[in-house]
Amino acid sequence: MTVLTSAGRAGDAGGVTPRPDPQVPAKAKRRSFTADFKMKVLAEYEAAPEGERGKVLRRYGLHSSHIVDWRRSRDAGAAAGLAKTRGRPAADPRDKELEQLRAENDRLQACVPHNSRRLERQIVL
């Protein structure tokens, strides 16, 4: 959204000047954190005195929910849980080979009746 102002300024011919609306933030990009960073922040947060923990969160721009999630992950699976990535797991290469073998099998099965008739004719002759 753009706010238009027509305030007369010195040297301004009374034209309309577009000004970006400060209330509309740009689309935020989802942040991702490495396992090392999470461990570093967790250690720093847990070492901080009770009244200083908020400072640690503000320094890194985090919320307390990050700490809660990271602790659960750490406790459940140590460093492996902290490095967990989102999204679909990579495809197993054996699945591709299996699909190719099935396609070849189907192709060969389709050839069997045709070849069997050809063999019968050769035997009769």
Exercise for review: Please tell me if the side chains of Ile67 and Val41 come closer than 4.5 Å, counting only heavy atoms from C-beta onward.
Suggested key: yes
Practice item. Return each pair, listed once, that meets ring pair (Phe, Tyr, Trp, His ring centres under 6.0 Å) where at least one residue sits in residues 38-58; pairs must be two or more places apart or across chains. Key: none
**Study point:** Between CZ on residue Phe37 and CG on residue Leu62, distance to nearest 0.5 Å
**Key:** 5.5 Å
**Study point:** Straight-line distance of Asp69 CG to His63 NE2, nearest 0.5 Å
**Key:** 12.0 Å
Practice item. With sequence neighbours excluded, give me every salt bridge (Lys or Arg N to Asp or Glu O under 4.0 Å) pair touching residues 51-64. Key: Glu44-Arg59, Glu52-Lys55
Review point. Are Arg74 and Lys38 close enough that some pair of their side-chain heavy atoms sits under 4.5 Å apart?
Key: no
Point to revise | Side-chain heavy atoms of His66 within contact of Tyr60, under 4.5 Å | key: no
Exercise for review: I would like to know whether Lys40 and Glu46 meet salt bridge (Lys or Arg N to Asp or Glu O under 4.0 Å); could you show each step before the answer?
Suggested key: CA-CA 10 Å; Lys40 174 186 161 200; Glu46 290 170 348; over 6 Å; no
Check your understanding: Who are the side chain to side chain donor-acceptor pair (under 3.5 Å) partners of Asp92, not counting sequence neighbours?
Key -> Arg94
Review point. Where do Val56 and Ala48 come nearest, in terms of heavy atoms and distance?
Key: CG2-CB, 4.2 Å
